[in-house]
Amino acid sequence: MAQRIIVDPITRIEGHLRIEVEVANGKVSNAWSSSTLFRGLELILQGRDPRDAWLITQRACGVCTYVHGLSSVRCVDDAVHVTIPENARLIRNLLMGVQFLHDHLVHFYHLHALDWVDVVSALKADPAKASKIANQVSPAGNSGTSDFKAVQARLRKFVDSGQLGIFTNGYWGHPAYKLPPEVNLIATAHYLEALRQQARTARMHAVFGGKNPHVQSLVVGGVTCAADLNPDRISEFLYLHKETKAFVDNVYIPDLLAVAGFYKDWGAIGGTSNFLCYGEFPQQGKEPDSLFLPRGAIFKREVAKVQGVDVAKISEHVKHSWYEGDQAKNPAQGETRPAFTKMDTNDRYSWMKAPRYNGEPMEVGPLARVLVAYGKGHGPTKKAVDGVLKKLNIPVTALFSTLGRTAARAIETQIIADAMDGWIMELVENLKSGNDKTFTPYEMPEESTGVGLNDVPRGALGHWVEVKGKKIHNYQLVVPSTWNLGPRCGADKPGPVEQALIGTPIADPKRPLEILRTVHSFDPCIACGVHVIDPASNEVYKFRVS
């Protein structure tokens with residue numbers, strides 16, 4: 001007989017997520033993903049100046065601190081038919097690159113690592129052995145015996161106090177943990193180092209963006225940070241980038257390989273079948289051909305048959321969501337009309353809609369980008385993927401998994417960090433030649449429509465705008481976590497995370513660590529995936545623009 005397990009809320013994510021599964025014979029046999037918060041950004045935007053949309057949508061989340069701003073600006077760029085200058089393209093790319101570096105570091109160490117690392121086990125480690133292992137796999141500093149003794153002593157204070165602080169509520173001692181104590185100690189030490197590094201990496205946003213979170217230098221038609229394009233600011237950005245890149249190369253990648261080596265069985269757990277990415281980082285030339293990370297769709301894991309992407313084939317389903325009706329619509333004609341009933345996994349059970357591409361659920365995010373790039377012969381991706389597969393001695397099919405999803409995130413972090421060196425130098429050469437243009441003037445049309453696509457750390461992100469009377473008439477966001485964590489669609493096909501959970505082994509139903517591993521591998525960020533409602537009256541608030 002199947003046993004029901006509910007994990008609510010899923011922690012170490014942004015927003016509110018509820019996962020319900022059935023377990024039979026020690027494995028997940030069915031799953032339901034429920035977003036339990038409604039917000040309503042699309043409604044807030046109606047009637048506003050389209051040029052202000054990026055400042056509002058960027059506040060969808062405090063984790064994805066830049067991505068909605070860029071997608072929104074691209075959306076309105078498209079609506080006003082403006083081509084931004086080369087320097088603006090480079091600045092936007094560099095800011096997005098920073099977002100990837102920061103986001104992926106934080107995810108691996110602070111949101112996902114504790115699914116694989118038993119922190120309390122590190123107290124049993126021999127610091128001298130830990131030092132020897134660390135120096136064998138990585139050239140990073142702070143890896144002496146005394147360094148690991150200091151981390152162990154710090155951890156001991158947490159444990160002896162009875163309050164584990166940032167490590168509270170882990171399933172310590174769970175039988176699914178496989179790392180030896182010394183590797184657990186190394187990973188715990190690097191968790192603490194990454195806390196310091198992510199703060200310094202975020203400073204790069206402030207150099208050209210004014211602040212972090214929520215940069216201030218975007219504008220329809222380009223960027224506004226012309227005064228910061230001077231040797232001092234560029235040198236500061238370069239220094240911080242070099243430091244971050246060294247952490248990625250010398251700590252993140254070695255840690256990924258070290259941990260993955262003990263969990264190769266997860267190369268056959270948590271996979272999906274279809275993948276979608278819009279591509280990212282436009283280079284000189286026409287999109288999508290100019291995108292550094294290519295655009296494409298993959299069906300049934302056929303990596304050698306990457307297809308083009310047609311946004312007209314995107315539909316959002318609401319049959320199992322708390323919205324009026326059950327008709328699937330393209331985002332360009334999308335509606336946000338909430339209608340809460342009750343939590344019922346046989347009927348409606350989420351505030352998220354269910355996006356589909358050509359009728360199919362599509363995984364988006366690092367794995368989708370890496371698979372599309374690999375399938376299209378993208379040189380840096382193919383080299384990096386083949387290198388990781390060889391070092392781990394696993395087949396390419398292992399990518400279709402929780403392990404593959406986690407590895408893909410690290411692989412693309414390194415690829416993007418390397419590419420950013422070239423973009424910085426392009427910017428410097430432009431400035432040396434006297435080209436300091438960062439903005440293209442435009443006129444706001446009375447009526448227009450626009451689409452802004454980008455691929456962000458968590459996956460494919462799209463903004464759609466309809467302008468009437470020079471004001472926003474309709475605005476829709478289809479975000480990565482909606483693609484990945486949305487419910488069943490009109491055809492009752494499970495969403496990607498629901499698919500991925502089926503077949504997951506559960507060693508201890510009272511401590512479902514394995515569920516967290518697969519869910520966290522998607523890096524859920526629910527805040528932007530749902531939409532402000534009064535729970536007492538079920539009233540959606542409307543805001544008057546003064």
Side-chain angles (χ1 to χ4, degrees), residues 101 104-145 147-149 151-152 155 167 170 172 174 176-198 244-270 366 370 384-395 398-399 401-415 417 513 516-517 520-521:
L101 269 57
H104 286 352
L105 286 175
V106 169
H107 176 263
F108 181 76
Y109 286 100
H110 308 125
L111 305 180
H112 196 30
L114 303 187
D115 300 330
W116 315 95
V117 176
D118 187 338
V119 173
V120 176
S121 164
L123 293 175
K124 302 174 184 177
D126 180 337
K129 288 183 180 179
S131 177
K132 183 177 180 180
I133 293 170
N135 286 301
Q136 286 174 342
V137 301
S138 168
N142 302 321
S143 297
T145 300
D147 296 308
F148 289 115
K149 281 183 177 179
V151 171
Q152 211 170 32
L155 182 58
F167 303 124
W172 315 130
H174 194 286
Y177 283 124
K178 296 183 179 181
L179 299 183
E182 287 73 25
V183 179
N184 282 320
L185 179 58
I186 294 168
T188 302
H190 291 169
Y191 177 109
L192 297 173
E193 282 186 41
L195 284 174
R196 292 187 289 270
Q197 181 57 55
Q198 62 85 24
T244 302
K245 191 171 178 295
F247 190 89
V248 171
D249 293 341
N250 300 330
V251 184
Y252 184 6
I253 297 297
D255 281 353
L256 168 80
L257 294 171
V259 172
F262 290 91
Y263 291 103
K264 292 183 183 181
D265 55 323
W266 279 82
I269 299 169
V370 165
V385 169
D386 288 341
V388 167
L389 293 176
K390 183 177 180 180
K391 288 175 182 176
L392 291 175
N393 191 28
I394 56 177
L399 290 173
S401 66
T402 295
L403 182 67
R405 199 173 292 116
T406 303
R409 186 171 280 105
I411 288 169
E412 75 168 7
T413 305
Q414 190 172 46
I415 291 168
L513 173 64
L516 297 183
R517 284 178 177 170
H520 283 152
S521 73

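Counting begins at 1 with the first residue of the sequence. Note that the structure is predicted; figures quoted are calculated from it, not measured.
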Engineer: For Tyr252 and Phe247, what are the C-alpha separation, side-chain angles and deciding distance, and is it a ring-ring contact (aromatic ring centres under 6.0 Å, His included)?
Structural biologist: CA-CA 6 Å; Tyr252 184 6; Phe247 190 89; 7.9 Å; no
Engineer: Are Pro180 and Phe262 packed together at the side-chain level, in the sense that at least one heavy-atom pair is separated by less than 4.5 angstrom?
Structural biologist: yes
Engineer: Do Arg517 and Tyr263 make a side-chain contact, defined as non-hydrogen atoms from C-beta onward lying under 4.5 Å apart?
Structural biologist: yes
Engineer: Please indicate whether Lys264 has more than 12 foreign heavy atoms, meaning atoms of other residues, nucleotides or ligands, lying under 6.0 Å from its NZ.
Structural biologist: yes
Engineer: Do the side chains of Val137 and Leu257 get nearer than 4.5 Å, heavy atoms only?
Structural biologist: no
Engineer: Give me the ring orientation class for Trp172 and Tyr177: parallel if the planes are under 30° apart, tilted from 30 to 60°, perpendicular past 60°.
Structural biologist: parallel
Engineer: Between the side chains of Lys245 and Asp249, is the shortest nitrogen-to-carboxylate-oxygen separation below 4.0 Å, so that they form an ion pair?
Structural biologist: yes
Engineer: Can you tell me if Asn250 and Ser138 form a side-chain donor-acceptor pair at under 3.5 Å?
Structural biologist: no
Engineer: Within the 4.5 Å heavy-atom criterion, are Lys129 and Lys132 side-chain neighbours or not?
Structural biologist: no
Engineer: Do Lys391 and Val388 come close enough that some side-chain heavy atom pair is under 4.5 Å?
Structural biologist: no
Engineer: So among Asp265, Asp118, Asp115, which one has a salt bridge (charged side-chain N to carboxylate O under 4.0 Å, His left out) with Lys178?
Structural biologist: Asp265
Engineer: Which heavy atom of Asp126 sits nearest a heavy atom of Ala128, and at what distance?
Structural biologist: OD1-N, 2.9 Å
Engineer: Could you tell me if the side chain of Asp255 sits less than 4.5 Å from the side chain of Phe108, heavy atoms only?
Structural biologist: yes
